Amino acid sequence: MTLLQVAGLTAGYGRVEVLHGVDLTVAAGEIIALVGANGAGKTTLLRSISGQVAATAGRICFAGADITGHPVESVVRRGVAHVPEGRRLFAGLTVRDNLRLGGWATRGTDIDRVLGLFPPLAARLTQVAGTLSGGEQQMCAIARGLMNRPKLIMIDELSLGLAPVVVDDIVRTLPDIAATGTAVLLVEQDVDIALSVSTRGYVLETGTIAFTGPSAQLRTDSRIQRAYLARPGDGR
Amino acid sequence: MTSFLQATSYGLLQGGLLAMIAIGFSLVWGVMNVINLSHGAYVLLGAYIAWELHAAWGLDPLLGAVAAGLVMFGAGYAVQRSLINQVVNAPIFLTLLLTFGLQLVLVQGMAVVFSADYRSIATWYASESLPIGDVRVPSGRLLAFGVAILATVVLVTFMRRTRTGLAILATGMDRNAARLMGINARHAYALTAGIAAALAGAAGALVGLVGTFSPPDAARFTLLSFVISVLGGLGNMYGALLGGLVLGVVQAWAGQYLPGTWVNAVAFAVLVAVLIVRPSGLAGRAFYEARVEAT
């Protein structure tokens with residue numbers, strides 16, 4: 001069942017058009033990778049879906065309703081969680097308060113459920129979020145996004161500034177999240193990780209989808225290997 | 001020695017009332033980055049509401065404070081939602097200009113409607129004084145102080161413990177992230193402004209209980225709120241309480257031992273001294289240092 005359908009989406013900031021007709025679908029419970037170079041428009045696409053950037057053309061449908069042009073709050077209430085780039089935790093509040101705020105839209109208070117996905121947070125509940133390590137901050141940000149029991153969680157630059165071993169830990173929880181019925185749309189600069197955890201992938205290049213397909217297939221595509229995976233010996 | 005204790009106790013009581021006025025000003029500044037120059041006029045509006053209720057039905061100003069708080073909550077909410085929200089993300093000069101204009105309109109309006117005569121709300125108990133040791137404490141001021149401290153503690157508890165309070169703090173820290181939680185930022189801002197106006201209005205009723213007031217006092221209350229907010233540490237609610245008490249005591253000492261014209265000069269000297277020694281205010285770390293400017 002199609003959960004999210006983006007069709008012919010054109011969007012940007014002021015006169016600068018960043019996305020030029022993007023098509024993308026996410027089915028319920030799927031993990032989708034959205035990869036591409038800096039400035040390709042990955043973050044703008046997520047911001048358009050969550051209602052922070054206005055679409056100038058095209059449609060965004062979510063769970064059977066047209067949400068094009070809806071304000072952020074209403075998109076969130078419909079079941080979209082957006083974990084923004086740089087985490088954007090409420091740094092002066094405790095982890096517990098951050099999680100409570102995560103459940104604002106649905107009055108979700110089931111903190112134990114999200115702690116089950118990220119056990120290291122359990123010992124940090126009374127700690128001020130700004131003092132967490134980078135990995136714990138990312139866990140807290142994702143956990144905060146899950147408090148509303150969203151149908152879709154969009155994670156922007158999961159690995160940004162984190163040690164590889166920490167990234168692996170967090171990425172390993174994505175299938176668990178998907179198994180609870182929450183689809184994951186993962187924006188990631190580390191193409192290898194993104195394609196290894198996802199079922200399907202989209203490659204965004206300067207505002208248009210350049211490649212799409214099953215992740216396993218994308219990983220073996222020689223053009224993608226040359227441009228994004230840079231395996232030694234490839235592309236000579 | 002007795003005169004020193006008398007001045008100190010008077011200063012503490014006055015300081016509690018000033019803190020109740022300033023805490024809303026500090027909250028609005030911290031959450032929205034808006035310096036509300038019409039805050040002092042809200043105090044006066046509250047005083048006139050309580051005065052009218054007392055004149056018409058003999059309503060006690062302590063109950064009048066509740067009524068003034070409720071009315072001013074509505075007024076503060078409406079002004080924010082309809083007016084200040086339009087410019088809340090604009091450069092700070094626009095919000096200063098808008099709230100300064102609002103202050104002028106309100107002060108002139110009150111002078112037209114109520115005249116510029118000094119008024120006070122007379123009660124049988126306000127001038128009764130309780131002897132505590134060698135010091136005589138006017139019971140009206142003691143009551144006003146108690147109400148002011150209670151209101152401050154209730155506000156801080158509300159902000160830190162309730163869903164709505166947390167949403168307001170979160171919106172103040174990072175407006176966009178708060179919206180991603182599903183929080184309606186415009187509503188959160190309007191609630192903040194309503195709470196600040198309610199506290200100012202209720203404090204205004206207490207001002208009328210313990211002394212006299214007239215429309216031009218609005219500017220003085222705004223100025224003192226500014227000093228107390230910076231003194232305590234911007235956006236720090238307990239800091240505003242501490243700042244209010246310190247300012248009240250310093251002003252009382254200055255009034256006792258120095259020529260009357262020095263009172264404000266001393267208050268600002270204390271502010272400058274505190275900012276030199278502790279730039280983030282008396283209560284230390286400003287609560288909103290982690291704020292992300294709205295984009």
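Quantities reported herein were computed from a predicted structural model and do not represent experimental measurements. Numbered from 1 within each chain, the chains take letters A, B, ... in sequence-line order. The figures here come from the full heavy-atom set of this structure, side chains too, leaving out hydrogens, waters and symmetry mates.
- In this structure, Arg113(A) places its CZ atom where more than 12 heavy-atom neighbours from other residues, nucleotides or ligands lie under 6.0 Å away.
- Arg186(B) does not touch chain A: none of its heavy atoms, backbone or side chain, sits under 4.5 Å away.
- Annotation: Phe158(B), atom CZ; neighbour count of heavy atoms from other residues, nucleotides and ligands within 6.0 Å is above 12.
- The part of Ala185(B) that comes within reach of chain A is its backbone (N, CA, C, O), which places non-hydrogen atoms under 4.5 angstrom from that chain.
- The contact between Arg107(A) and chain B is made by backbone and side chain atoms together, counting heavy-atom distances below 4.5 Å.
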Side-chain atoms of residues 71-84 of chain B: list all donor-acceptor pairs with protein atoms under 3.5 Å, sequence neighbours left out, distances to 0.1 Å.
{"from": "Tyr77(B)", "atom 1": "OH", "to": "Arg81(B)", "atom 2": "NH1", "distance (Å)": "3.0"}
{"from": "Tyr77(B)", "atom 1": "OH", "to": "His187(B)", "atom 2": "ND1", "distance (Å)": "2.6"}
{"from": "Gln80(B)", "atom 1": "NE2", "to": "Asn85(B)", "atom 2": "OD1", "distance (Å)": "2.9"}
{"from": "Ser82(B)", "atom 1": "OG", "to": "Ala78(B)", "atom 2": "O", "distance (Å)": "2.6"}

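- Contact of the His70(A) side chain with the Phe62(A) side chain is not registered, since no non-hydrogen atoms from C-beta on lie closer than 4.5 Å.
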